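First up is the structure itself, then whatever we jot down about it.
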Number of protein chains: 2
Amino acid sequence: MTVQLAISSVAPDVSRSGSLPWTEPVCDAEDIGAPSLRFEQDCEIYGEGEEAASYYKVVSGVVRTCRFMSDGRRQIDAFHVAGDVFGIEAGPQRSLTAEAVSDCRIISYRRLPFDKAGTVSGSQQLVTHLLRNFERAQEHAVLLGRRSAVEKVAAFLLGWARQSACTGTIALAMTRLDIGDYLGLTIETVSRTLSQLERDEVIELPSVRQIRVKDLGALTAFNL
Amino acid sequence: MTVQLAISSVAPDVSRSGSLPWTEPVCDAEDIGAPSLRFEQDCEIYGEGEEAASYYKVVSGVVRTCRFMSDGRRQIDAFHVAGDVFGIEAGPQRSLTAEAVSDCRIISYRRLPFDKAGTVSGSQQLVTHLLRNFERAQEHAVLLGRRSAVEKVAAFLLGWARQSACTGTIALAMTRLDIGDYLGLTIETVSRTLSQLERDEVIELPSVRQIRVKDLGALTAFNL
DNA sequence: CGTCCAGTTGACTCACCTCAAACGTGGTGG
DNA sequence: CCACCACGTTTGAGGTGAGTCAACTGGACG
């Protein structure tokens, strides 16, 4: 649960901050040599309410952004994998908490402070990422509002199946609790639903953190 | 159910399109004289899957953006009121449908086509609106995933109470069905919950489309 | 070999949904 | 002016999908 800075702890922030409130995220090719932060599993990257001084890009590992309610309920907003950008905020404060689902490496980009009017401007790259996150959030809302447990789980699996299309087996980085808090379900319901899908020969569960999709068509049929 | 163009049907699109994929939304002062489109209640403004050639700003009235599932289920993504911008898309196609909740006036801004790489750039104003919509979508996801019926309704009322703070009475533009599809509930549950809140002296329902908040504190207590 | 913890499974409960009937209001036509 | 209808809303009764609580399982690790 400790945060470690990579060897060169000078983030690419300073050299990149221009006259715009947001600096440009560098392109993927440049990122390879860039100094990155390391976070161990379950480490907090930033907390709700903190000053939003930077945004981040995932190099490796998985990050979750989530909100906690006072009674302990948690809603996971999104999982972020390599290449995803997270931590872009509308206001000066963090509206969500970000945590490392697995050990991960992350690049930080400095965000310049808002001016008095609170206006912002963005680079092409950054706006593209923002748009993608926006669309994901909308998609997620539909999922949470109008879908049954099976439909939710199927949609979740499809999302990860796309990523691991080559292997055909999904290697989950997160626990059942994470999945539940992402889908608005309890661990028990997630577990039961996965078991049911296995009984129906839609998926196979070789191990707890591995899911093999046997019938992609059946899975897809749950959406729409 | 017919679409009518205001007198001067030349939208401010053309004169404003520069070299950027997105044109700038004009400021509020300029909008006053701008030619606007009129839509009657329940008119479709655009449909899911259509080409996303413009984005819009609401001048008056209320607009809903929503998604339909093949079995008829509907999830309302957001309600947009005067000053709100909607219809900003990540891809070339509409991911949602937009409809007029009440008769309304809307200004359209042309969006230039994506270049081959699919990159976009945005003006300060537009990015600010995008950020606001993004934050709203995140908030909405938490609402849908982890809140009970009363909490959902309370949050909904608070959102509109802020707008009509001066009068103290909320004038609803939408039906119970709209509210239900926004909150991920049925009409019956929305109705029952409102009745219960009235019995508990938290609100008053002088008429079907009017809600008077009697105990703002109690309403706020349902959040967090 | 025992401990620990994530995951699974079962029995029961409950919040919300479904179905159905009654109500109220606004519009239309006699 | 009133009778009637249409439609959105309210209310009631009963059903059910997912939550709760609790016991059990099975790897991982010492």
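All chains are named by letter (A, B, ...) in the order of the sequence lines, taking the proteins before the strands, and each is independently numbered beginning at 1. Just the heavy atoms: all of them, side chains too, but no hydrogens, waters or symmetry mates, feed the values below. Treat the numbers as computed from the prediction; the structure is a model and nothing was measured.
Taking the nucleotide of DNA chain C with the nearest heavy atom to each of Arg147(B) and Met174(A), the more 5' of the two is matched to Met174(A).
Leu205(B) places its CG atom 11 Å from the C1' atom of dT9(D), with the value rounded to the nearest Å. As rounded to whole Å, 14 Å separates atom P of dA20(C) from atom CD1 of Ile187(B). Atom pair Arg176(A):CZ and dG26(D):P shows a separation of 15 Å (rounding to whole Å applied). Rounded to whole angstrom, the span from the CD1 atom of Ile211(A) across to the C1' atom of dT8(C) amounts to 14 Å. Here the C1' atom of nucleotide dC16(C) and the CD1 atom of Ile179(B) are 17 Å apart, to the nearest Å. Between the CZ atom of Arg146(B) and the P atom of dA18(D) there is a distance of 13 Å, rounded to whole Å. At whole-Å resolution of the value, CG in Leu197(B) and C1' in dT11(D) are 16 Å apart. At whole-Å resolution of the value, CD in Gln210(B) and P in dT9(D) are 14 Å apart.
Taking only side-chain atoms of Glu188(A), from C-beta outward, the nucleotide of dT10(D), dT9(C), dG12(D) with the closest atom is dT9(C). Nearest to the side-chain atoms of Thr175(A) among the listed nucleotides dC16(C), dA6(C), dT8(C) stands dA6(C).
Between Ser191(A) and the phosphate of dT8(C), there is a side-chain N or O to OP1/OP2 separation shorter than 4.0 Å. When the side-chain nitrogen and oxygen atoms of Thr186(B) are compared with OP1 and OP2 of dC16(C), none of them lie within a distance under 4.0 Å. Phosphate proximity of dC17(C) to Thr189(B): present, with a side-chain N or O under 4.0 Å from OP1 or OP2. Under 4.0 angstrom from either OP1 or OP2 of dG7(C) there lies at least one side-chain N or O belonging to Arg209(A).
Ring-plane geometry between Tyr56(A) and Phe86(A) is classed as parallel, the angle between the planes falling under 30 degrees on a 0 to 90 degree scale with a further cut at 60.
Backbone-only engagement by Ser148(B) is indicated by non-hydrogen atom pairs under 4.0 Å involving sugar-phosphate atoms exclusively. Within the nucleic acid shown, Leu185(B) comes within 4.0 Å of sugar-phosphate atoms alone, with no base atom in reach, counting heavy atoms only. Within 4.0 Å (heavy atoms only), Gly180(A) reaches no atom of the nucleic acid at all.
Using modelled atom types and a 3.5 Å distance limit, the side chains of Arg212(B) and Thr169(B) yield a donor-acceptor pair.
Ion pairing between a basic and an acidic side chain is recognised when a charged N comes within 4.0 Å of a carboxylate O; Arg146(A) and Asp181(B) show such pairing. Using a 4.0 Å cut-off between charged nitrogen and carboxylate oxygen, Asp178(A) and Arg74(A) count as a salt-bridge pair. Ion pairing of Arg94(A) with Glu51(A) is absent here, as no side-chain N (NZ or NE/NH1/NH2) approaches a carboxylate O to less than 4.0 Å.
For Arg192(A) against dG10(C), a side-chain N or O and a base N or O form a donor-acceptor pair under 3.5 Å.
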